[in-house]
Amino acid sequence: HSIYRKKIFTAEQIEELFLSVKWISGKYPDRLYRALLNSSTVITAWDNKRLVGLVRVLDDGGMVAYIHYILKLCRKKARMLLFMNALDFR
């Protein structure tokens, strides 16, 4: 798996990931895509060209940050990599 802090996903990839974990927000891929692009930090996990995990971190740019959500289709190791990257999101 590869982990990226760049927002290199498409609306279709986001839709597939969110629907795969049965999140209703996956039914609104354009809104979800825009929201992620405007988020302070998004960390993604990839299996070749397939988006298999995502962490969204929201912060105020100074003192406060929180992990808004973690989605994954991947194994425990990839989930841990996503989580560790989110903890060191600077």
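Because only heavy atoms are used, hydrogens play no part in the values below, and waters and symmetry mates are left out as well, while side chains stay in.
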- Message: Going by the rule side-chain contact (heavy atoms from CB on, under 4.5 Å), which residues pair with N48 if we only count those two or more places apart in sequence or in a different chain?
- Response: none

- Item | Any donor-acceptor pair under 3.5 Å from S40 side chain to V57 backbone | yes

- For the hydrophobic clusters of this structure (ILVMFWY residues joined by side-chain heavy atoms under 4.5 Å, transitively), does one cluster hold both L19 and L36? no

- Closest contact, heavy atoms only, S39 versus R56: OG-NE, 2.6 Å

- Query: When you check the gap from the basic side-chain N to the acidic O, do K27 and E15 get nearer than 4.0 Å?
  - Reply: no

- Query: With sequence neighbours left out, what residues match S2 under side chain to side chain donor-acceptor pair (under 3.5 Å)?
  - Reply: none

- Task: Mark yes or no for whether K7, through its side chain, and T44, through its backbone, hold a donor-acceptor pair below 3.5 Å.
- Result: no

- Item | Heavy-atom pair with the smallest gap, counting every atom of P29 and A11 | CB-O, 3.8 Å

- Query: Are F18 and Y33 an aromatic pair by the rule of ring centers under 6.0 Å?
  - Reply: no

- Which of I67, D59, V55, L58 passes side chain to side chain contact (heavy atoms under 4.5 Å, CB included) with T41? Answer is D59

- Chi angles and distances behind the side chain to side chain contact (heavy atoms under 4.5 Å, CB included) call for L54, Y69: CA-CA 8 Å; L54 182 143; Y69 46 69; 3.6 Å; yes

- Task: List for me each residue that meets side-chain contact (heavy atoms from CB on, under 4.5 Å) alongside Q13, sequence neighbours excluded, and say none if there are none.
- Result: F9, T10, W46, L51

- Message: Suppose we screen for ring pair (Phe, Tyr, Trp, His ring centres under 6.0 Å). Which residues come up paired with Y28, at least two apart in sequence or across chains?
- Response: none

- Message: Measuring from atom CZ of R34 to atom CD1 of I14, what distance do you get when rounded to the nearest 0.5 angstrom?
- Response: 13.5 Å

